[in-house]
Amino acid sequence: MRSLAVASPLPPAAAVRRRPRASASGREVISQCWKCEINQDQPLGNSLRIGHSQGSLQRHGSRNLLAAAAAISIEQAEVSTYLPKGDMWSVHKFGGTCMGTPQRIQNVADIVLGDSSERKLIIVSAMSKVTDMMFNLVHKAQSRDNSYVTALDEVFNKHMAAAKDLLDGEDLARFLAQLHSDISNLRAMLRAIFIAGHATESFSDFVVGHGELWSAQMLSYAIKKSGVPCSWMDTREVLVVKPSGSNQVDPDYLESEKRLQKWFSRQPAEIIIATGFIASTAENIPTTLKRDGSDFSASIIGSLVRARQVTIWTDVDGVFSADPRKVSEAVILSTLSYQEAWEMSYFGANVLHPRTIIPVMKDNIPIVIRNMFNLSAPGTTICKQPANENADLDACVKSFATIDKLALVNVEGTGMAGVPGTASAIFSAAKDVGANVIMISQASSEHSVCFAVPEKEVAAVSTALHVRFREALAAGRLSKVEVIRGCSILAAVGLRMASTPGVSAILFDALAKANINVRAIAQGCSEYNITVVLKQEDCVRALRAVHSRFFLSKTTLAVGIIGPGLIGGTLLDQLKDQAAVLKENMNIDLRVIGISGSRTMHLSDIGVDLNQWKELLRKEAEPADLDSFVRHLSENHVFPNKVLVDCTADTYVASHYYDWLKKGIHVITPNKKANSGPLDRYLKLRTLQRASYTHYFYEATVGAGLPIISTLRGLLETGDKILRIEGIFSGTLSYIFNNFEGTRTFSNVVAEAKEAGYTEPDPRDDLSGTDVARKVIILARESGLRLELSDIPVKSLVPEALRSCSSADEFMQKLPSFDQDWDRQRDEAEAAGEVLRYVGVVDVANRKGRVELQRYKRDHPFAQLSGSDNIIAFTTSRYKEQPLIVRGPGAGAEVTAGGVFCDILRLASYLGAPS
């Protein structure tokens, strides 16, 4: 033990002043000689002896000598300065990133000085990377690697350079002297470890803890430089912990509080800089608080002084609703309850270690997570759950977290039911091999138990279970011990989930609609979390699906558009004009993340700016590649729901629908090629669509924007029987025959329709009737008829002689030569009070269809059309006497794009958007 000699003579007895001070217990403290000052640099726990000169003893007398001796005995005397507790204290903790450079240390000092609290206790970590450097020193030394000497020099140089940038004058000299002394001691200790080839845990902890000692001293000097008194605390003198197994320690609050009181009696500063991470055992052996120890230090000390709050300063704006590396649209949470933060940290969220919350939780001290590099961000407050917080469905789930690289172990057998001790034997086997069981799920029938363990531990667990249950497996009482690798856990966390109906339903609905299969489920009766086990490959998509459902718009859709031509381009403009309204009024967030033409494509991870999509497609595009385009959409995990919109008329594109649906990508199209193509391909497509949560919508294939498919489905699904569907399905041909009257020639009307943009570039594509036939076959198949396109007889309006014309221009030049025949047909119809109409017919009763030129009386609904209107009549068991008629514009980019847009909104509704 060291002793401190006070050599100067004592003053006369009259100069010995009694200074009564309140101790921690409130009793009066014994008299103290003004010259008998304790050396504040001595570590607590050592007994200090004070020596007086002979003359001093004579002048004091025996009575005063006894009083002085009693006053200076550290182990027996009452403290002379009371440690105040309560709201006057604010505790701040700054991590290694915050203390990473001299400038950052100065920034920390500025934050501390800017806090208006009456008293401040600042906990600091070592400078960035220093703890790793210190561990590396120990590792090198015990491995007998001579490079530990160079590594120690690097540690010294790092701190010397930082101090020279930050400090000057006497402060710099004091710090460098201490640094030299510490490095010298470390060099000797590391040499001993090098020789022994082994380092005990206490030796290692002693070495590693120096980073915090140095950063605390530098910060205290930086604050003093501003003229504000400040002390620094080696928390090994104050914090006492006891090992609790599993590489953890428990604080000894009673002893720590006593030591803090004693430390404060010597240095009653208003600003105290304390070391994080390090502590001592009850025997004064240096140790650490293990993982996330600096946060733990802050919460322990905050509890000891009953602080107003503990602020953890870091490099993020607060606690996120999900890992922002996986969910780019994760949001900062303003508040969390202690239990929610606890659950989140257990499931891998980068919040706080669960043990950090325990000390402050018992005193209801809030923890605030703030960003030192963005002081304007308010951060996240972790506190007791506010009593008046809303418990609506959106607010009750606070966050989602995931754990990857897990395996699921399933123990199954009829012999388990009702047999006591089976579960105990299972988990004893897991414990014996040191496995960490993360989640447990058991069926109420007791037929099976499954649990999740880290994948690296599952082989040992499986072997142990097979050994433990060898007889039961041989006898058939257990049917199997199954290991399912490549799993992940997804946890939904929220304190209010227990009192809010429907949370689980929404969670599993979101997973189902994202085509995610759940392997196992666990939920405690507290309902603080719902845990599901998934395939690891589905984990990020699942995380984004549930996060999107609870935190973003009710429905978020990633859209890929193929074919930005007339219809596709019009659709993009409609989406641009309506997107904001849909998001605000209906909680539908539509993000176009890819546009592909026949030559170029433009891709975006979070959404194309639709105000300049044409320019982006022209200037920032890449060569079009359908596989790459689809891969970009399917592998985008920002948005869980994805839809491909095919606005082409291309057979090759349509042939990929099945593969896209199988990948979980919804498909919407006005392209008729898939549904009117080979029957077996159509049936395969529809079977897949019906068997999954992946949707395939094609309303615009028949009536552009008219509700033809949906009307037909409504009739069938409500039990009506379709007898006949008849209609004018071509807006082009409707326009031609609506205007082919009086003295106008057929060729003149066709030329006018072509000029107005109603026809395809080559009018023969419309006049051939093939397009109408495709619509007829689509409706026939929807009605349950298994017909091929070749089964539909089609009356072509292209004269036989003109079908071989090499170009559209040649066809148009030769068409007038056939006007006389057309005039004759029109005149005959008019003479009978009829008109010509080009119609498609689905004769369900006779299981056939046809496309033909037909004559109708002038009072027939088909004779009363104008412009390019379509009209479809449904004759059914319910609508037999008077058919159900759907009529309206059936051609044009606006209405066709509008029909596609309606399908997109229908998909959004199916995925959970309000209708």
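These figures come from a predicted structure and were not determined experimentally. When a residue number appears, it is its place in the shown sequence, counting from 1.
I271 is listed as a side-chain neighbour of V228, based on a closest heavy-atom distance under 4.5 Å.
At most 12 heavy atoms of other shown residues, nucleotides or ligands fall within 6.0 angstrom of atom NZ in K535.
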Quick one, D171 with R174, criterion salt bridge (charged side-chain N to carboxylate O under 4.0 Å, His left out). Give me CA distance, side-chain angles, the key distance, then yes/no. CA-CA 5 Å; D171 290 343; R174 287 195 197 96; 3.1 Å; yes
Check the pair H139 / Y148 against ring pair (Phe, Tyr, Trp, His ring centres under 6.0 Å), numbers first and verdict last. CA-CA 8 Å; H139 174 72; Y148 81 85; over 10 Å; no
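Under the salt bridge (charged side-chain N to carboxylate O under 4.0 Å, His left out) criterion, the residue pairs touching residues 194-222 are E201-K290, D205-K290, with sequence neighbours excluded.
With sequence neighbours left out, D153 forms a salt bridge (Lys or Arg N to Asp or Glu O under 4.0 Å) with R187. Under the rule for a ring pair (Phe, Tyr, Trp, His ring centres under 6.0 Å), the partners of H159 that lie at least two apart in sequence or sit in another chain are W214. Looking at residues two or more places apart in sequence or on another chain, you find no ring pair (Phe, Tyr, Trp, His ring centres under 6.0 Å) involving F277. Not counting sequence neighbours, the partners of F206 by the ring pair (Phe, Tyr, Trp, His ring centres under 6.0 Å) test are H210. With sequence neighbours excluded, the residues that form a side chain to side chain contact (heavy atoms under 4.5 Å, CB included) with R144 are F194.
Taking the charged nitrogens against the carboxylate oxygens, K93 and D295 do have a contact shorter than 4.0 Å, which makes a salt bridge. A salt bridge links D404 and K326; the closest N-O separation between the charged side-chain nitrogens and carboxylate oxygens is under 4.0 Å. One finds no salt bridge joining E255 and K242 here, because no Lys/Arg side-chain nitrogen approaches an Asp/Glu carboxylate oxygen to under 4.0 Å.
Across all their heavy atoms, R468 and S428 have their closest contact at NH1-CB, 3.8 Å. What you find for M88 and S117 is that their closest heavy atoms are O-CB, 4.1 Å.
Between W313 and F94, the ring planes lie parallel to each other; the angle is under 30°, not in the 30° to 60° tilted range.
E340 places a side-chain N or O within donor-acceptor distance of the main-chain N or O of S337, the cut-off being under 3.5 Å.
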